[in-house]
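These notes concern the structure reproduced below.
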2 protein chains.
Amino acid sequence: MPAPPVGRTPSNGGPVPDVNDAMCPSRAILEHITSRWGVLVLAALLDRSYRFSELRRQVGGVSEKMLAQTLQTLERDGFVDRDAKPVIPPRVDYALTPLGREAAEQVWSLARWSERQVDTVREARAAYDEARA
Amino acid sequence: MPAPPVGRTPSNGGPVPDVNDAMCPSRAILEHITSRWGVLVLAALLDRSYRFSELRRQVGGVSEKMLAQTLQTLERDGFVDRDAKPVIPPRVDYALTPLGREAAEQVWSLARWSERQVDTVREARAAYDEARA
DNA sequence: CAGTATCCTTCGTGATACTG
DNA sequence: CAGTATCACGAAGGATACTG
């Protein structure tokens, strides 16, 4: 299937609703699950559910802001289930929904494929860089 | 984990040395093939090979700069084969390598899955937004 | 035709501080 | 503990003009 044609390219000037979001909703979904932290969060939750801080430790290097943002996006899309327990101190557990598990498995499979190609790709890059040095 | 400092930042695109190359090489690969234009380029080339301008028309809304940059990145990683014919006017054909075809098939499969979930996700979002309005 | 070079705007990300 | 608010900065991305 050919790529979806995009009508206009926003001439620089006005706040334009994301062209691809409007034109191609699936692009937004794909972006959410393949985003830098999205991949790692989904992968972590593939094992078991996590609390916020647990997840933050499990996914190394993510800021609170980005983790919260990533989780909200995934929750809104219906990939992650948020279970906030009304206790003090607050306790919130995050888990995959069935749909989220489907997504996680696929994206994780792609991630593992990428990992397997690391050496091949490194060689390709070396050859490419060599050819124009 | 602070982002490691990077040497040069070319004003123009081109295969930019990826910050994540050092810390997580597979992440860079994943990023290249799931990038906004990377997905679309790989998908288009799944059908057949294309010339630069053909590809630009096929993938609607991509600027020359981004298409060139995307193609260079994919070529450098060994996913795309660039065949520049020494004629005037210049003619360059782009095609998938076998490795690129593997990548394209997987990412396109994920993209099609995303497309199938569009309605489900839209409902999930509506429910989410409803719940906090 | 197939790109490069330059300039500029927008966006993502992180640091920090604060709240329930 | 689990977030939200604000700010600052570099990187991503686009428009345009130019070149072989």
Side-chain angles (χ1 to χ4, degrees), chain A residues 6 8-21 27-28 31-32 34-38 40-41 49-57 59-73 75 80 82-94 132, chain B residues 1-21 23 27-28 31-32 34-38 40-41 49-73 75 80 82-94 132:
Chain A
V6 169
R8 76 194 186 86
T9 301
S11 52
N12 214 359
V16 175
D18 190 323
V19 179
N20 275 4
D21 274 11
R27 175 67 218 165
E31 218 137 76
H32 295 166
T34 62
S35 74
R36 170 161 186 184
W37 303 119
L40 297 174
V41 165
S49 73
Y50 281 94
R51 301 180 57 183
F52 187 87
S53 298
E54 277 183 327
L55 206 44
R56 187 148 137 66
R57 278 186 296 274
V59 178
V62 63
S63 67
E64 289 187 0
K65 185 184 123 180
M66 288 315 298
L67 182 56
Q69 186 175 303
T70 301
L71 283 168
Q72 282 171 9
T73 300
E75 188 198 354
V80 161
R82 180 175 183 276
D83 180 19
K85 283 159 176 105
V87 297
I88 293 187
R91 178 192 173 103
V92 183
D93 285 277
Y94 293 93
R132 53 205 65 205
Chain B
M1 173 182 50
V6 160
R8 83 190 177 92
T9 302
S11 54
N12 179 21
V16 179
D18 199 309
V19 182
N20 287 341
D21 276 5
M23 31 186 288
R27 175 67 219 165
E31 218 137 75
H32 295 166
T34 61
S35 74
R36 170 163 185 178
W37 304 119
L40 265 30
V41 165
S49 73
Y50 280 94
R51 301 180 58 182
F52 188 86
S53 297
E54 277 183 328
L55 206 44
R56 184 145 142 62
R57 277 186 297 274
Q58 186 69 18
V59 178
V62 64
S63 66
E64 289 185 2
K65 186 184 117 178
M66 288 314 298
L67 182 56
Q69 185 175 307
T70 300
L71 283 168
Q72 282 170 9
T73 300
E75 187 198 354
V80 161
R82 179 176 184 277
D83 179 20
K85 283 160 176 104
V87 297
I88 293 187
R91 178 191 173 105
V92 184
D93 284 276
Y94 292 93
R132 52 204 65 204

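It should be emphasised that the depicted structure is a prediction, and the values quoted were computed from it without experimental measurement.
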Quick check for you: to the nearest 0.5 Å, what is the distance between [X] atom [atom1] and [Y] atom [atom2]?
X: A/R51; Y: A/R57; atom1: CZ; atom2: CZ; answer: 8.5 Å
X: A/S35; Y: A/M66; atom1: OG; atom2: CE; answer: 7.5 Å
X: A/E75; Y: A/T70; atom1: CD; atom2: OG1; answer: 12.5 Å
X: A/E64; Y: A/Q69; atom1: CD; atom2: CD; answer: 13.5 Å

Which pairs, protein N/O on one side and nucleotides 1-3 of chain D N/O on the other, fall under 3.5 Å?
residue	atom	partner	partner atom	Å
D/dC1	O3'	A/R51	NH2	3.1
D/dC1	O3'	A/P90	O	3.4
D/dA2	OP1	A/R51	NE	3.0
D/dA2	OP1	A/R51	NH2	2.9
D/dA2	OP2	A/S53	N	3.2
D/dA2	OP2	A/S53	OG	2.6
D/dG3	OP1	A/R82	NE	3.4
D/dG3	OP1	A/R82	NH2	2.6
D/dG3	OP1	A/Y94	OH	3.4
D/dG3	OP2	A/Y94	OH	2.5
D/dG3	N7	A/E64	OE1	2.9

What's the [atom1]-[atom2] distance between [X] and [N], to the nearest Å?
X: A/Q69; N: C/dT13; atom1: CD; atom2: P; answer: 7 Å
X: B/K65; N: C/dA5; atom1: NZ; atom2: C1'; answer: 10 Å
X: A/M66; N: C/dC11; atom1: CE; atom2: P; answer: 15 Å
X: A/L67; N: C/dG12; atom1: CG; atom2: P; answer: 17 Å
X: A/E31; N: D/dG13; atom1: CD; atom2: C1'; answer: 13 Å

Worksheet entry | Results of salt bridge (charged side-chain N to carboxylate O under 4.0 Å, His left out) for A/D93 - residues two or more places apart only | A/K85, A/R91
Worksheet item: What's the verdict on side chain to side chain contact (heavy atoms under 4.5 Å, CB included) for B/L67 and B/L55, showing C-alpha distance, side-chain angles and the deciding distance?
Response: CA-CA 8 Å; B/L67 182 56; B/L55 206 44; 4.3 Å; yes
Item to complete: State, with a plain yes or no, whether a side-chain heavy atom of B/E54 is found less than 4.5 Å away from one of B/Q58.
Response: no
Fill in: B/V41 and B/Y50, any side-chain heavy atoms less than 4.5 Å apart
no
Worksheet item: Axis-to-axis angle across the helix from C/dC1-D/dG20 to C/dG20-D/dC1, five pairs an end, to 10 degrees?
Response: 50°
